[in-house]
Amino acid sequence: MCNYKVLSKSANGVVQWCPNCQTYNFLYNNIAISFVKQGFGEFKEQVDSCYSKYSKCNCKRDVRFIVFSSMTEGMSLLFSVNEIGEILSLLQEAGWKDPVLAETLG
């Protein structure tokens, strides 16, 4: 049975850790994704790269135009620059609170 520990939380999302399942749950608005440690690190790298690319662009920061492909064919997730920034903050805070995850996130 899962016994989640909240690693980070914002108005729109939360990152949780389940020691029984050894999984991280990322919940953001209406999106829920479960990761093992490596997948969580890869997702954080993708978000970090995206934010670096778009954070200084001359664009509307609240318009969803950043596309994340999913493993499901034909399904993509759209985010705004502001959302990517908030997600990155959630992921970074989670890494600071979990030493094992911090090693993966670098």
Student check: side-chain heavy atoms of Cys50 and Phe79 closer than 4.5 Å: no
Tyr51 and Ile87: CA distance, side-chain angles, deciding distance, side-chain contact (heavy atoms from CB on, under 4.5 Å) verdict: CA-CA 10 Å; Tyr51 190 70; Ile87 291 168; over 6 Å; no
Heavy-atom pair with the smallest gap, counting every atom of Phe65 and Cys57: CZ-SG, 4.4 Å
Nearest atoms (heavy-atom pairs only) where Ser76 meets Ser69: OG-CA, 4.3 Å
Ring geometry between Phe40 and Tyr24 (parallel below 30°, tilted from 30 to 60°, perpendicular above 60°): tilted
side-chain contact (heavy atoms from CB on, under 4.5 Å) between Val6 and Val15, worked out: CA-CA 6 Å; Val6 174; Val15 176; over 6 Å; no
Polar contact flag, side-chain donor to acceptor under 3.5 angstrom, Glu42-Gln38: yes
Euclidean distance, Asp48 CG relative to Phe43 CZ, rounded to 0.5 Å: 11.5 Å
Shortest non-hydrogen contact between Arg64 and Glu83, atoms and distance: NH2-OE2, 2.6 Å
Heavy-atom side-chain contact between Lys44 and Gln92 under 4.5 Å: yes
Nearest atoms (heavy-atom pairs only) where Ser52 meets Ser55: O-OG, 3.9 Å
List the atom pairs, with distances to 0.1 Å, where a side-chain N or O of residues 25-33 and a protein N or O form a donor-acceptor pair under 3.5 Å, not counting sequence neighbours.
unit_1	atom_1	unit_2	atom_2	d
Asn25	OD1	Ser34	OG	2.6
Asn25	ND2	Tyr4	OH	3.0
Tyr28	OH	Glu86	OE1	2.7

Closest contact, heavy atoms only, Pro19 versus Asn3: CD-O, 3.4 Å
Closest non-hydrogen atom pair, Ser8 against Val14: O-CG2, 3.2 Å
Ile84-Leu77 co-clustered via ILVMFWY side chain contacts under 4.5 Å: yes
Approximate separation, where rounding is to 0.5 Å, of Leu91 CG and Leu7 CG: 10.5 Å
Whether over 12 other heavy atoms sit under 6.0 Å from Arg61 CZ: yes
